[in-house]
Amino acid sequence: MYKIISLAFVFIAMVSVDAQKKNLDSISVPLFTGCEKQETREDQFICLQKNITTIYTNQLQRYIYAFEYLNIQSAEAEIQFVVHRDGSLKLKYVDTNEPTFRAYNVLAFQDMLEYMQKNKLSIGVKDINAANQAADLVLKFPIKISLNEVVEESSNRLVNVLYDGAIKYEIVMTPTTDFKIYEIKGDQSFYLGKYNSLLEIKNTLPYKNLMQDEKELVTLAESDYGTSKILLQTKNIFYEKDFYTLFIVSEVKGKRIKQLRKYTSLSALKDSPYYDWIIRN
């Protein structure tokens, strides 16, 4: 079993309460499901923070393999949520200089809302007395990730392939984690543009209509070998919630497919002869 050891998360929670910086004695406290058992408003508030940050970070950690696959060696962000008076949550901003990391934080926030809804977890406001009014609260905390195993990449690497009938698009990641798209026609390659993140590509036509979400594996490269064909496949990076770092080398002969090799990390693939198959000049 692959152990998640490639990324180390560091979480620190801080809170500011509206522009007036009212203290907890003068406002109504949002109560997270189960936190009403806490005796003091301060403990209820700490319970709220702990639950939200725990759920959020658990959702973000689901994308840990994507960080490795995209070789995000380190990234930092400050996340800020708003807890509205009606108990609803809104992502105010993700402040980071790493666009791909920002995109996955946005996905993690959306996942958190879905998780809370599915598990019937909510935030309610309990009025202390008629004179007190519920206030919008701002929860903010920094997140830092770092790869324990760094893969040095100085070339562009193919990370996904999209098809529109006979038209083939290659999504290529640069060493600075930008993404370039090329249209492939026969032996010719046509540069179409650069994007900051995969999420940006996913929201851009025509690519948003071509995502192979229903396909778990994507063929990155293939080569004829006598009467057989050798395929290099990977988990579909757009198959986000179930993505993990994996490369499979298979032999196709007629209708028979035989798995020859399996690499469970980017570093393992780089040490193999197949890494050069997905390098682009």
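Position 1 is the first residue of the sequence; numbering continues from there.
- Every residue two or more places apart in sequence or in another chain was checked for a ring-ring contact (aromatic ring centres under 6.0 Å, His included) with Phe190, and none qualifies.
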Steps toward side-chain contact (heavy atoms from CB on, under 4.5 Å) verdict (Ile184, Val161)
CA-CA 10 Å; Ile184 309 300; Val161 178; over 6 Å; no
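- Hydrophobic clustering of Ile, Leu, Val, Met, Phe, Trp and Tyr side chains at less than 4.5 Å, counting indirect connections, keeps Tyr195 apart from Leu205.
- Minimum interatomic distance between Lys253 and Ser228 (heavy atoms only, all atoms of both residues): CD-OG, 3.5 Å.
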Trace of the side-chain contact (heavy atoms from CB on, under 4.5 Å) decision for Lys194 with Thr174
CA-CA 10 Å; Lys194 185 170 72 173; Thr174 72; 5.5 Å; no
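- Every side-chain contact (heavy atoms from CB on, under 4.5 Å) that Asn196 has, sequence neighbours left out, goes to Pro99, Asp178, Glu200.
- Proximity of a side-chain donor or acceptor of Thr245 to a complementary backbone N or O of Tyr65 within less than 3.5 Å is detected.
- A donor-acceptor contact shorter than 3.5 Å is absent between the side chain of Tyr104 and the backbone of Leu199.
- A donor-acceptor pair is defined here as one N or O able to donate and one able to accept, closer than 3.5 Å; no such pair exists between the side chain of Asp164 and the backbone of Leu210.
- For Glu114, the salt bridge (charged side-chain N to carboxylate O under 4.0 Å, His left out) partners are Lys241, not counting sequence neighbours.
- Lys92 is linked by a side-chain contact (heavy atoms from CB on, under 4.5 Å) to Gln80, Val82, counting only residues two or more places apart in sequence or in another chain.
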Taking it one step at a time, do Ile201 and Met211 satisfy side-chain contact (heavy atoms from CB on, under 4.5 Å)?
CA-CA 10 Å; Ile201 296 174; Met211 299 302 173; 4.1 Å; yes
Counting only pairs under 3.5 Å, give me each side-chain donor-acceptor contact of residues 219-226, with atom names and distances, residues two or more places apart or in other chains.
| from | atom 1 | to | atom 2 | distance (Å) |
| --- | --- | --- | --- | --- |
| Thr219 | OG1 | Gln233 | NE2 | 3.1 |
| Glu222 | OE2 | Lys229 | NZ | 3.2 |

Starting from the C-alpha separation in whole Å, work towards a yes-or-no answer on side-chain hydrogen bond (donor to acceptor under 3.5 Å, both in side chains) for Tyr182 and Asn156.
CA-CA 12 Å; Tyr182 296 86; Asn156 298 331; 4.7 Å; no
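- Distance alone, capped at 3.5 Å, places no donor-acceptor pair between the Thr264 side chain and the Leu246 backbone.
- In this structure, Thr100 contributes its side chain and Ser197 its backbone to no donor-acceptor pair below 3.5 Å.
- Residues satisfying the ring-ring contact (aromatic ring centres under 6.0 Å, His included) test with Phe247, not counting sequence neighbours, are Tyr69.
- With sequence neighbours left out, the side-chain contact (heavy atoms from CB on, under 4.5 Å) criterion links Ser122 to Thr33.
- Through side-chain heavy atoms spaced under 4.5 Å, either directly or across other Ile, Leu, Val, Met, Phe, Trp or Tyr residues, Leu231 is tied to Val252, Ile257.
- Asn119 places a side-chain N or O within 3.5 Å of a backbone atom of Tyr115 that can act as its donor or acceptor partner.
- Tyr263 meets the ring-ring contact (aromatic ring centres under 6.0 Å, His included) test with no other residue; sequence neighbours excluded.
- Linking Ile, Leu, Val, Met, Phe, Trp and Tyr residues whenever their side-chain heavy atoms come within less than 4.5 Å places Ile279 and Val218 in a single cluster.
- Looking at residues two or more places apart in sequence or on another chain, you find no side chain to side chain donor-acceptor pair (under 3.5 Å) involving Arg261.
- Considering only residues two or more places apart in sequence or on other chains, Lys258 meets the side-chain contact (heavy atoms from CB on, under 4.5 Å) condition with Glu251, Arg256, Leu260.
- Salt-bridge formation is detected for the pair Glu216/Lys235: a Lys NZ or Arg NE/NH1/NH2 atom is positioned less than 4.0 Å from an Asp or Glu carboxylate oxygen.
- A side-chain donor-acceptor contact under 3.5 Å links Gln59 and Arg62.
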Go through the steps to decide whether Glu78 and Tyr93 satisfy the test side-chain hydrogen bond (donor to acceptor under 3.5 Å, both in side chains), and finish with yes or no.
CA-CA 8 Å; Glu78 183 175 86; Tyr93 69 74; 2.6 Å; yes
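- The ring-ring contact (aromatic ring centres under 6.0 Å, His included) test applied to Phe109 returns Phe81, not counting sequence neighbours.
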